[in-house]
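No hydrogens, no waters, no symmetry mates; every other heavy atom, side chains included, goes into these values.
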Amino acid sequence: MPAKDSRDKRQPHQLPPGRHGLSRSFVVSNQRERILSAVAYVTSAASYSEMSVEDIIVTAGVSRRTFYEHFKNKEDVFLAAYDAVAGQLAQDVVAAVESADTFADQCAAGLRSFLEFVASEPAFARMCIVEVLAAGPEAIKRRNDTMRAFAALIHHKAEVLLEGKAPPALTAETVVGGIYEVVYTRVLRGEIQDLPALLPDLIYSSLLPYLGVEAAREERARLPEAKAA
């Protein structure tokens, strides 16, 4: 019986060996994406401190040489993976916010987008919300920058849409920090899939300092998620 072709052992995400007709730019992009995805899966299975370059290489299906052509070390690749996910998340949230008209609807749309994104990408969620805190000062700085950007978005929308009745900018920072803590706790407990169900209570808490108790309660009741519950 002839020996089985070694190419059969390759994983679906790996490119075929030898001459395959793919452009160099496509190969490089594919390798990079696989490496970045591997970071998320490795950190979700273990932790940042336990993760090694070897773990990433094996999971991504690339050579050690290929890894070092793209990244200097595991901190460098973690930061690149974080930036990629945070960038996509920010893009989705901003698009959701801009699709609504009132301040309350924009907050609900943005928060829904955030919760659904996290719930749909558990490996990336753990990497960006939990393990980022163990990845060193630069990773924490980037996490803080992301949270600051979301707070700035909320405050800007409040100033524009609430006609001079927006509370101080620190309010938005407090709202974002509170949401982060709630999500962090659920991710840590493995309750990622339950996050979208928190939208009604989170939107109530978020709108409270902006609209007051009655209006925040009314906006909560308007949400489809609240009616379904």
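For the pair Phe103 and Ile154, the minimum side-chain heavy-atom distance is below 4.5 Å. Side-chain contact check for Leu161 versus Thr102: every heavy-atom pair is 4.5 Å or farther apart. Looking at heavy atoms from C-beta onward, Ile179 lies out of side-chain contact with Phe150 at the 4.5 angstrom threshold. Residues Val132 and Ile140 have side chains not in contact (no heavy-atom distance under 4.5 Å, counting atoms from C-beta outward). Proximity of Glu50 to Ser47: side-chain heavy atoms (C-beta onward) are separated by under 4.5 Å at one or more points. For the pair Val77 and His70, the minimum side-chain heavy-atom distance is 4.5 Å or more. Under the 4.5 Å side-chain criterion, counting only non-hydrogen atoms from C-beta, Phe114 is in contact with Val183.
In this structure, Leu115 and Leu195 approach most closely via the heavy-atom pair CD1-O, 3.6 Å. Among all heavy-atom pairs drawn from Leu111 and Ile203, the shortest one is CD2-N, 3.9 Å. Of all non-hydrogen atoms in Arg112 and Pro224, the two that sit nearest each other are NH2-CD, 3.9 Å. Taking each heavy atom of Glu131 and Tyr48 in turn, the nearest pair found is OE1-N, 2.9 Å. The two residues Val62 and Arg34 make their nearest non-hydrogen contact at CG1-NH2, 3.4 Å. Nearest approach of Ile57 to Ser63, heavy atoms of both residues: CG2-C, 4.1 Å.
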Practice problem: Evaluate side-chain hydrogen bond (donor to acceptor under 3.5 Å, both in side chains) for Thr174 paired with Thr171, printing each intermediate quantity in order. | Solution: CA-CA 5 Å; Thr174 304; Thr171 304; over 6 Å; no
Practice problem: Please report the C-alpha distance between Arg126 and Thr43 in whole Å, then the side-chain angles of each, then the deciding distance to 0.1 Å, and finally whether the side-chain contact (heavy atoms from CB on, under 4.5 Å) criterion is met. | Solution: CA-CA 8 Å; Arg126 185 169 184 87; Thr43 53; 5.9 Å; no
Exercise. Go through the steps to decide whether Asp194 and Arg186 satisfy the test side-chain contact (heavy atoms from CB on, under 4.5 Å), and finish with yes or no.
Key: CA-CA 8 Å; Asp194 299 333; Arg186 270 60 178 186; 5.9 Å; no
Self-check item: Full working for side-chain contact (heavy atoms from CB on, under 4.5 Å) between Asn73 and Asp76
Solution: CA-CA 5 Å; Asn73 49 41; Asp76 185 36; 3.4 Å; yes
Quiz prompt | Criterion side-chain contact (heavy atoms from CB on, under 4.5 Å) on Ser37 and Phe124, from CA distance to verdict | solution = CA-CA 8 Å; Ser37 293; Phe124 290 106; 4.2 Å; yes
Practice problem: For Glu191 and Arg189, run salt bridge (charged side-chain N to carboxylate O under 4.0 Å, His left out): C-alpha distance rounded to whole Å, both residues' side-chain angles, the deciding distance at 0.1 Å, then the answer. | Solution: CA-CA 6 Å; Glu191 300 172 2; Arg189 295 200 304 239; 3.0 Å; yes
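A donor-acceptor contact shorter than 3.5 Å is absent between the side chain of Asp83 and the backbone of Ala80. The backbone N or O of Ala104 sits nowhere less than 3.5 Å from a side-chain atom of Glu219 that would complete a donor-acceptor pair. Judged purely by atom type and a 3.5 angstrom limit, Ser113 has no side-chain atom pairing as donor or acceptor with the backbone of Gly110.
Residues Val97 and Val175 share a single hydrophobic cluster, defined by chaining ILVMFWY side chains whose heavy atoms lie under 4.5 Å apart. The hydrophobic clustering, which links ILVMFWY residues whose side-chain heavy atoms are closer than 4.5 Å, places Leu188 and Met147 together. A continuous path of Ile, Leu, Val, Met, Phe, Trp and Tyr side chains, each step under 4.5 Å between heavy atoms, connects Leu199 with Val187, placing both in one hydrophobic cluster. In this structure, Val94 is a member of the same hydrophobic cluster as Phe117, with clusters built from ILVMFWY side-chain heavy atoms closer than 4.5 Å. Tyr41 and Val58 are members of different hydrophobic clusters when ILVMFWY side chains are connected at heavy-atom separations under 4.5 Å.
Residues Glu98 and Lys157 are paired through a salt bridge, judged by an N-O separation under 4.0 Å between the basic side chain and the carboxylate. A salt bridge links Arg222 with Asp105; the closest basic N to acidic carboxylate O contact falls under 4.0 Å.
We find the CD-CE distance between Glu121 and Met127 to be 10.0 Å, quoted to the nearest 0.5 Å. Atom OG1 of Thr146 is separated from atom OH of Tyr180 by 10.0 Å, given to the nearest 0.5 angstrom. Atom CD of Glu75 is separated from atom CE of Met51 by 10.0 Å, given to the nearest 0.5 angstrom. Rounding to the nearest 0.5 angstrom, the gap separating the OH atom in Tyr82 from the CD1 atom in Ile129 is 9.0 Å. The distance from the CD1 atom of Ile56 to the NZ atom of Lys74 is 8.0 Å, given to the nearest 0.5 Å. Taken to the nearest 0.5 Å, the CG atom of Leu223 stands 12.5 Å off from the CD atom of Glu218.
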Enumerate donor-acceptor pairs with a distance under 3.5 Å from any side-chain N or O in residues 206-215 to protein atoms, sequence neighbours excluded.
residue : atom : partner : partner atom : Å
Ser206  : OG   : Leu202  : O            : 2.7
Tyr210  : OH   : Ala172  : N            : 3.3
Glu214  : OE1  : Arg217  : NH1          : 3.3
Glu214  : OE2  : Arg217  : NH1          : 2.9

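Looking only at atom types and distance, the side chain of Arg148 has no donor-acceptor partner in the side chain of Asn144 under 3.5 Å away.
Between Phe71 and Phe67, the ring planes lie tilted relative to each other; the angle falls in the 30° to 60° range.
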